[in-house]
Each structure stands twice: as structure tokens, then as C-alpha cells.
2 protein chains.
Amino acid sequence: MKKVSLADISKELGVSKTLVSFVMNGRAKEKRINDEVAEKVLAKAKELGYKADYLARAMRTGKSQTIGLVMADISNTFFSKLARSIENEAAEHGYNVIFGSSDENHRKSGKLIDVFKDKRVDGLIICPTIGDITHIKKLNKERYPYVLVDRYFNEVSSNHVVVDNYNGSFKIVEDQIQMGRKRIAFVNFNVELINMTERFNGYIDALKSYGYKYDSSIVKNVSFKNIEKETYLAMKELMKITPKIDTIYFSNNRLAFLGIKYLFENNTINFKKLKLASFDNYEFMHLLQVPIKFGVQPIEELGKSAVDSIMKQINEESGGVEHVKLPLDISFLN
Amino acid sequence: MKKVSLADISKELGVSKTLVSFVMNGRAKEKRINDEVAEKVLAKAKELGYKADYLARAMRTGKSQTIGLVMADISNTFFSKLARSIENEAAEHGYNVIFGSSDENHRKSGKLIDVFKDKRVDGLIICPTIGDITHIKKLNKERYPYVLVDRYFNEVSSNHVVVDNYNGSFKIVEDQIQMGRKRIAFVNFNVELINMTERFNGYIDALKSYGYKYDSSIVKNVSFKNIEKETYLAMKELMKITPKIDTIYFSNNRLAFLGIKYLFENNTINFKKLKLASFDNYEFMHLLQVPIKFGVQPIEELGKSAVDSIMKQINEESGGVEHVKLPLDISFLN
DNA sequence: CTGAAAGCGCTTACAG
DNA sequence: CTGAAAGCGCTTACAG
């Protein structure tokens, strides 16, 4: 079962490779090739089980029909769902996805970007981390098709698709305030990622607009690297001043998981007095015996929009820089 | 910033492309190329920022340095963790991973396999589903490098890396029996996948070896497609005969999640009387206010072994068909 | 030790 | 309407 090439067909039929190539690429009409000839070619191709060699075509055209996906960590539920959505949407366009995880390390993401470019992906979907700004600038300069997802940088222009973190966070805090909470603690990451800072800004502004003062002693920031240890520490400190707070608001589901785990393991907490909220959700929240309010990120839309944006760029239908901001689903607040 | 090719270097240096190619591929010694010449080539390559064109090389050598990963659903926590492990291990070998989800549909997996082969992946890692046996046979015939992971088929020879489902399941049930449980219900998938049937066999044999009779009325099988609805139904039926059972054993974490969700939503359950067990774990289990025993699948090892197996095949160091069976971690039973 | 040349399988500008 | 030929950027068998 040897590979069938264009040459095989052209030889058997006594026509040129050019003609066969045109027919196989559906350009028979455009090139005004005789219908009978075209049909003969198609029939022979089918008979021999011809399939264009992907690598040869990719090499010639420079198109690989593959998208490179750079994310923080595919094993994280948010990203794996995002990856799935991207995979589905890419498939709709006849594209495949090659992926890699950066672990929030810009050296890794830089390397992934380089490798994927080497492999000639037609476009990149990147969930950038701190320090990736250099790589983004480079992509801009090279006019390499890419779109950022979940995060972007104020300092550099980029196509990006994100969630409306500011307003989502604002509404969650507002909801808590409207339910009568007066002291809302906030557990966030200590990083300069725009999605996290926006959630913080939403938190602050919601407080302000209801006349509450921002109290830095009930805001805790933990690092990515030591997330487990530091979240525990943050919770411990918050528990010490527990009469001062009536709500804990987590800026993402991972922090919520760890924070709540801490509370359960040290179960002297009265959940009638201490309420919980989280920016986004996670399956476990549906299992808690304790009420929690949360937003739901439009992950599927996020992935779909990102692919659509990259496709527009690849097909050169893009009308300049594109920013998409999707609303947080806050139906679980009511 | 045009692309630099072998020809550019050879022209500038007045040597042949052959020589440059040999040097760049580290074959200078082997080809006994003059040290000075080799160094000059390397220096010039560095100066010009030369990088071998991936597609041209892949086309010529037939090697793409890419692995195709076909799994059921990347958004599922088990698979996303597996994907991460595979990604890491592949990177160690200088390989990238292109992935796709089959949704337990053999038409989809067949298509993914074809597309990935088209893209000339050097090997496939497949989590096969029912009906994939045809595709496996074809791969065998073509001698295409692949390894099955998590599941395999008794009917066809294959390289595969799986968990010891039988013994893991046996031990979990044994543990329950030793803790005095007498009526252990089992919630499983209604499919012919070997991992699921082995878990069932372990369940039955554990019962038998302790002198208990198998009672089909307390074994429930649900489908992949309607998992949510059917698990709820199964739980409902089990709850009706609740005095007849003192334990519910779920054959995987997804079923456990849904089953426990049902129990919580209908919270008339006395968890002093009804105990819970699951074949594998999920983060939420660490948050339950109710005790549950579970095994832990060696996901990382699973991915690592799968990549190692495929690498051996690619590098033709494979000594025939390879079967790996990894033990379930049952430390959470004690 | 080194080079000229063929070839992988396509696509496409050019010619008629 | 159709074809001969060049070329994408490599690798490698062959020759000297």
C-alpha cells in the first residue's frame, strides 16, 4: 500500500500534474478544465485512494491547518474546558490544535511560541503570563496571526478575547452588599495579570459606590507558586480576625477550593455568619453543604471567539485589531 | 528578516549544502568533516540565525516530532491530567502533542486517527473507545507506532498502558468488607470497555472470595450519553431499597460526583449508615463533609509510560508488543 | 574529507 | 484548455 502521489494519477491518465493538482483543489472550473477530464481525474483519484500529502502541501503553501495553543496549565479545569472549546471550534474550520502549558512561566511560553512557529502553525492562541509582553510585541512586529485569551496587557496592542472581569467582580460584590454584608474579605493572586487586577478593581469600586471603605487588612494576595500554602496562611489570618468579616470573596475557583478546604478542615466556622462568594465556579460548589455565590465564566464562548478571531486573521478577513469582552454569567447570584 | 536556508550558508561560505546539512545535524564527526570547516559553518549559522525548516525536514525524513493524542474528552479532569503528563514527557523528548477528543464515539476517533496520520505524527497515543478495534487492527497492519492508554481490547494485540483495574477494584471492595459492610451497591457504566468491566470483575470476585453472593439488584449501570439523568435514576432506585444496602461503590469519580450530588440534594441520607467508596478520586472528595474511600489512579505514570512506549517504537528500540499495568494507589483506603 | 545532483510531493507562474 | 518546468528547503546515495 504505497502512497499515491499526483504523479501517479497524471501518469496513469496521461495528463499533467498541474491539471491534476488544479482538479484536486477544486479549481477545475476556475481554470476552465474540460469537465470530462476533470471527472476522469476525480474518478482515478478515488480509485487509487489519493490524498494530497500534507507536508508537501504545507511546505509549498506555508499553511499547516494547525493552530498552536499556549496556556498556563492544561490540567487545570478552566483551561482544559477552554482547550476543549477551542478544539471543537477549530475542527469546525478543519483545523487541529497543538498545545503546550507554560505554568505561568514566560520562558516556557516563549519557547512554546517559538516551537509552534517553527512547526508553522497558521496562528497562535495564547493565554499570556507575566513577562510575555516581549513575545507579544515580537508577534506584532512579525505580523504573525495570534489572539490572546483570558488576559492581555494594557501596555501593548493585541487581538484579545477576555471576560469582563471588572463588571463581573463588581456585580458579585454588589450582590453581597445588597444582601446585607458589611465586611467582605477578598482573596486574590498577588500578580499583575490584568484579569486579576480587574477583579480587584471591581471589588474596590463596588465597595466605594456603596459607601464602604477599602480595608487592606481583609484583602489577601497569594502567589501562584505557593498557592496551597499561602492560601492556607491567608485563611488562617482571616480566621483570626473573623468577627471583622462576614463574607469571603475568592477571585477564582482554585482559591475558593483551597480556602473552603481550609475552613472545613478547621471546622469551627459558623456558616450562618460567614458567607462565601467566588468569581467563577467549579463543580464542587454544587456539592457544598454550605451556600456559596459564584459567577460562571463563558468558557465556551471564550474559546469560540478566540478561534473565530484567529480564523479571520488567517483568512485575512480581519479588519484590524479586535477586542472581545464577554460578560460573566451571574445568574447564580440570584 | 527573510528565512535563512542551508543554501544561504553554503553560498556565503563557499561550501556545499551537503556539508552544511551534515554539520547542522551533528554528523560532522561521523562524516569526518574538517573541524575548522565545521566550526565556520556553525558560526555562520549562528550569525545568520539559521534554523532548519521544519516542514522541509519533516517532508524529507518523514518525521514530524509530533505525537497525536486521541482521548475521550480533554475537558474531563482525568484526561486533562493525563494530557498534561503526556505533554510534559513528550517535551522531554523534544516532541509536541496535537490532540483531539472522541467523545467516546469511534467515528470521531477514527477520523482523528486519520487526520493525525495525515499530518504525519510520528506516533499515536490513543484512549480507545468501543468500536475502535477496527482502527487498532488497521494500525497493526500498517505497523504505525501507537500505544493505547487506559483501555485496550482483549480481541486484538496492542501496545498498551493501563491501570490494574481488577485488583484495584478488588481491594476497594475488600476494604469495605473488612470494615464490616455487608451490602455493597455498585454504580458502573453500561459499556464494554475493559477498564469498566475489570472494575466490575474485581467487585464480584471480592464479594465471592468473602462468601458474599452477587446481587444484581444492587448493581446499576448507566450510559455515557445520559450519564447525568441515568445516574440520578440509579441513585433513586438504590435509595428506594436503602435498607438493603450499607455502601455505595462508584466505579469512577464522575459517577461518584453525580451520585453524591443526588444524595446531597435529597438529604435524608444518614451517612452513619450509608458509606461511600469510589474507584478513583476527584478534588471534591477532599471537601466532602462525609467520609469516602477512594483509590488514586497513577495518571502521571500512565502518561509517562505511554510516551516512553511510543518513543521506543519511534526510535525502533521496541522489543515487540509491550503491556504495562500500573497499580492503583489505595493509600486512601487506610 | 567534500560536492553535485536527485528527489520528497506538492503548487503555480509562464507559455502556448 | 493544458503542460513543462521551476522551486519550496531539506537529506542522502553516489562519486571522487
Side-chain angles (χ1 to χ4, degrees), chain A residues 1-42 44-45 48-66 94 117-122, chain B residues 1-42 44-45 48-66 94 117-122:
Chain A
M1 210 180 91
K2 257 200 61 191
K3 233 199 152 223
V4 185
S5 76
L6 271 188
D8 297 326
I9 299 181
S10 84
K11 242 179 270 165
E12 291 224 15
L13 253 35
V15 298
S16 74
K17 289 194 293 172
T18 309
L19 193 150
V20 177
S21 173
F22 285 149
V23 172
M24 294 314 295
N25 287 317
R27 301 175 64 188
K29 287 272 171 275
E30 172 196 339
K31 293 288 172 180
R32 288 187 292 177
I33 285 164
N34 194 317
D35 281 359
E36 281 171 47
V37 179
E39 268 172 42
K40 250 197 331 203
V41 170
L42 254 13
K44 182 57 79 179
L48 300 178
Y50 171 74
K51 244 182 172 180
D53 181 276
Y54 161 78
L55 288 173
R57 165 180 285 164
M59 177 176 167
R60 199 63 185 72
T61 63
K63 300 276 172 206
S64 64
Q65 301 277 105
T66 305
K117 272 166 52 184
D118 247 31
K119 294 215 165 166
R120 302 281 193 82
V121 297
D122 295 338
Chain B
M1 206 177 95
K2 258 201 65 191
K3 236 201 153 224
V4 184
S5 74
L6 271 188
D8 297 327
I9 299 180
S10 83
K11 243 178 272 168
E12 291 224 15
L13 254 36
V15 298
S16 75
K17 289 194 293 170
T18 310
L19 193 151
V20 178
S21 173
F22 285 148
V23 173
M24 294 314 296
N25 286 317
R27 299 175 65 188
K29 288 271 170 276
E30 170 195 343
K31 293 287 171 179
R32 288 190 289 177
I33 286 164
N34 194 315
D35 281 357
E36 283 172 45
V37 179
E39 267 171 43
K40 249 197 331 203
V41 170
L42 254 13
K44 183 56 83 178
L48 300 179
Y50 171 74
K51 243 180 171 181
D53 182 277
Y54 162 77
L55 287 173
R57 167 179 284 165
M59 177 175 165
R60 200 63 185 70
T61 62
K63 299 277 174 208
S64 64
Q65 303 276 105
T66 306
K117 271 166 52 183
D118 248 32
K119 293 213 165 167
R120 302 280 193 82
V121 297
D122 295 338

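All chains are named by letter (A, B, ...) in the order of the sequence lines, taking the proteins before the strands, and each is independently numbered beginning at 1.
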List for me each residue that meets side-chain contact (heavy atoms from CB on, under 4.5 Å) alongside [X], sequence neighbours excluded, and say none if there are none.
{"X": "B:S5", "answer": "B:A7, B:D8"}
{"X": "B:K63", "answer": "B:T61, B:D122, B:I314"}
{"X": "B:E12", "answer": "B:K44, B:L48"}
{"X": "B:S21", "answer": "B:L6, B:N25"}

Determine the contact category for [X]: base if any of its heavy atoms lies under 4.0 Å from a base atom, sugar-phosphate if only primed atoms, P, OP1 or OP2 are that close, otherwise nothing.
{"X": "A:A52", "value": "sugar-phosphate"}
{"X": "A:K63", "value": "nothing"}
{"X": "A:R60", "value": "base"}
{"X": "A:Y54", "value": "nothing"}

Looking only at heavy atoms, the pair that brings A:A56 and B:M59 closest together is CA-SD, 3.7 Å
Scanning both residues in full, the closest heavy-atom pair of A:L42 with A:M24 reads CD1-SD, 3.9 Å
Residues at least two apart in sequence or cross-chain that pass salt bridge (Lys or Arg N to Asp or Glu O under 4.0 Å) with B:K51, listed by chain then number, are A:D118
What residues form a side chain to side chain donor-acceptor pair (under 3.5 Å) with B:T66, not counting sequence neighbours?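 Checked B:T66 against side chain to side chain donor-acceptor pair (under 3.5 Å); matches are A:K119.
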Across all chains, not counting sequence neighbours, the side chain to side chain donor-acceptor pair (under 3.5 Å) partners of B:K117 are B:E142
* Anything under 4.0 Å to a heavy atom of chain A counts; send over the first and last such nucleotide of DNA chain C, read 5' to 3'. =>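 Range of nucleotides touched by chain A: C:dG9 to C:dA13.
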Under 4.0 Å, heavy atom to any atom of DNA chain D: which of residues 15-25 of chain B qualify?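 Output list: B:K17, B:T18, B:S21, B:F22, B:N25.
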To the closest 0.5 Å, what do you measure between CD1 (B:I9) and OG (B:S16)?
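B:I9 CD1 to B:S16 OG: 12.0 Å, rounded to 0.5 Å.
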Quick one: pull up CD in A:E39 and CD1 in A:I33 and give me the separation to the nearest 0.5 Å.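 Here the rounded value is 12.5 Å.
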For B:M59 and B:V37, take the nucleotide of DNA chain C holding the closest heavy atom to each; which residue's nucleotide lies nearer the 5' end?
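Residue closer to the 5' terminus by nearest nucleotide: B:V37.
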Each base of DNA chain D marked ( ) or [ ] if paired in-strand (Watson-Crick or G-U under 3.5 Å), | if paired to another strand and . if unpaired gives |||.||||||||.|||
